[in-house]
There are 2 protein chains.
Amino acid sequence: MPDARVPVSTVVYDALRADILSGRVRPGDGIPSERTLSERFEVNRHAVREAVKRLQQAGLVQVSHGGATRVLDWRRTGGLELLVDLPPEDVGVARAAYELRACIAADVAARAAARATDEDRASLAARAAAFAAAREHCVATDGPVSPGPALLDAYRELWDVLVDATGNIAYRLAYNSLLHGEDAVTAVAVIYLRDELLDAETTDALVAAVLDSDADAARAAAATLTAHTLTALSPTEAPSR
Amino acid sequence: MPDARVPVSTVVYDALRADILSGRVRPGDGIPSERTLSERFEVNRHAVREAVKRLQQAGLVQVSHGGATRVLDWRRTGGLELLVDLPPEDVGVARAAYELRACIAADVAARAAARATDEDRASLAARAAAFAAAREHCVATDGPVSPGPALLDAYRELWDVLVDATGNIAYRLAYNSLLHGEDAVTAVAVIYLRDELLDAETTDALVAAVLDSDADAARAAAATLTAHTLTALSPTEAPSR
DNA sequence: AGAAATTTGTTCGTATGTATT
DNA sequence: CAATACATACGAACAAATTTC
C-alpha cells in the first residue's frame, strides 16, 4: 500500500517542505501562487492553502496578503520539530541530534535524581526492571550485535519516566521533538543508541543513582552512557557546515 | 486597533490552542465538529479546517475521517515549539524554559570553543564589543536596575554567533524554539536574563574562553552565568506539577 | 499618482466517502 | 442494513491587499 489514504493537503505540504529543507528552493525565493500550485498538484486551491498555512506555522515560509509567499531561512526561523524532518542521510544531522540529546539527558538525570517523587521512583524501578528483562531476552535471542525495536521501546519508556520525574515541561517537550518521527527516526536511533542499549552496568548505575537521589552520580552515569557514541560521532575533524 | 487584521483561521487556531494548553479542555475530550465551530466563531468551514489542520500538526488533536476530533495529551505529543505558547503566568514554565536554556547554553559554549572557525571568532569579537558598548550605555543611562530591550537584543545576537559556531543544527533549532514568541516572551526574558545581562565579568570570560578555544573554561563561564537565576528560580521547594 | 493586474483572504454551495448509531 | 453525522474534497465567486505598469 503505497499511499494509505493521506490527505491531499498533506501531500502538498510534504512536497513543499522537502523542497525547502533539502535546499532545492532557497531562502528569499518566492514559491508559486496558490492557483499555480493547485494546477501543478492537480488539487483544489483550499488544499494548497492548508499546506501553505502549515508551512507558515512551521516557520518555513512567510505569506503576505496580495504579495508573493517567500521562503524563509529555516535555520533561523524553524523550531526543533524540524529536526526529525531533515534529510536523514546527512550524518551531521544525526550527530547534532545525538549531541543535543546527550546534553539534555545529563541534565534530566541530575534533576530527576533531585526531584523524583516516590511515585516516580516506583515507576522508574518498574521500567528499569522491564528494560533489564528485555535486554536479557534480546541478548539471549539476537545476540549483542542487533538490539531490536522492542529493547528500544523499553529504553524509551525508561527515559520517559526520568523526563517526567524532572517536573520540567521544557525537557519533556524537547524530548518529544527529538523522537517525533516514528518511522525512519527509530530505525536510525537504534543504531546510534546501540552502545547505550547494551551498557547494562551504566544504565543500572544511572537508575540506582536516581533512586538514591544522588544527582551528581546520575549526571555522571548519563554522561558515561552517551560518551562512546558522542566521541564516535564527533571525531577530531571539524564540523562539516 | 484591537485585531490588527489577523486571519480568521488564526483566530480559531489561537482560541482552540489556548483552550487545550490551559487545560479548559482535557485530553480525550472531543472538540466540536467543523460545522459547529464555524457557527460558533461565525466563520466559514474552510477556516475551521485550516485551524484544525494546524492543531493536528502541532500535536494537539487527532482527527479521524468520519469520527470526532479528539484532544491529545500535548505533554506527550507536543513539541518544544509549544513552550512559548504556554500560559506565561505560570512561573513553572519560566523555570522550565530557563533550565533548558542553561543546559543548552553550557554545551553551546563548550562546543563553540572547540569548533569555532576564524570567521566565527571574528563575528564573536564584533558582537561581544557591540554588547559591551550597549551594556555600558545601558548602565550609564538607565542604571543597573532595568536593562532595556536593546541590551537584550545585543545579548541575543552574541549567543546567536555562539550557537552558529557549534555547527550543530539541533542546538540552533532548539534555541529558535526557546525564543520564538516575539511579544510577551522577550518581556519575560529580560527579567530572567537580568543577572546574565549585567554580569560583565563572566560574559567577558565566556567570550575570551571561546576565542581561546578553551572548552572547559567556556562551559564553566556559561554555568556561572546562569547559576544565579537558576538557583533563584529553583529553590528548595519541590516542583509544582 | 493612479489604474490595472495579480495574489491572498474569505464565503457560499455541493458532492462523496467514512465512521458511528 | 439503514440513517445520521462527520471529515474530505472540488468549484465558483467576491473582497482586500500588493505589485506593476
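Below, chain A is the first sequence line, B the second, and so on; all start at residue 1. Keep in mind that the numbers below use all heavy atoms, side chains included, and drop hydrogens, waters and symmetry copies.
Remark: side-chain polar atoms of D107(A) are not paired, donor with acceptor, to backbone N or O of I104(A) under 3.5 angstrom.
Counting heavy atoms from C-beta outward, L162(B) and V210(B) have side chains that approach closer than 4.5 Å. Between N176(B) and T77(A), the closest side-chain pair of non-hydrogen atoms is not below 4.5 Å. The shortest distance between side-chain heavy atoms of P27(A) and R76(A) does not fall below 4.5 Å.
Between Y192(B) and Y98(B), the ring center distance fails the sub-6.0 Å criterion.
Identified under the salt bridge (charged side-chain N to carboxylate O under 4.0 Å, His left out) test for residues 124-134 of chain A, with sequence neighbours left out: R127(A)-E157(A).
Counting non-hydrogen atoms of other residues, nucleotides and ligands closer than 6.0 Å to CZ of R24(B) gives a total above 12.
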Response to the item:
Each nucleotide of nucleotides 9-14 of chain D classed B (base within 4.0 Å of a protein heavy atom), S (only sugar-phosphate) or -, in 5' to 3' order, makes SBBBB-
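Under 3.5 Å, the side chains of S33(A) and R35(A) contain no donor-acceptor pair of N or O atoms. Residues T117(B) and D120(B) bring a donor and an acceptor atom of their side chains to less than 3.5 Å of each other. Between R101(B) and T226(B), the side chains place no donor N or O within less than 3.5 Å of an acceptor N or O (distance only, hydrogens not considered).
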Check the interface with nucleotides 1-6 of chain C: list each N/O to N/O pair with the protein under 3.5 Å, or write none.
none

Contacts under 3.5 angstrom, residues 9-16 of chain A side chains, donor-acceptor by atom type, not counting sequence neighbours:
residue: S9(A); atom: OG; partner: E50(A); partner atom: OE1; Å: 3.2
residue: S9(A); atom: OG; partner: K53(B); partner atom: NZ; Å: 3.4
residue: T10(A); atom: OG1; partner: R54(A); partner atom: NH1; Å: 3.3
residue: Y13(A); atom: OH; partner: Q57(B); partner atom: NE2; Å: 2.9
residue: D14(A); atom: OD1; partner: R17(A); partner atom: NH2; Å: 3.3

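Taking every heavy atom of residues 55-65 of chain B and every atom of DNA chain D, pairs under 4.0 Å involve V63(B), S64(B), H65(B), by number. Remark: S33(B), E34(B) in residues 27-34 of chain B come within less than 4.0 Å of DNA chain D through at least one heavy atom.
Taking the centre and axis of the six-membered ring of W74(A), the NZ or CZ atom of R172(B) falls outside the cone set by 45° and 6.0 Å.
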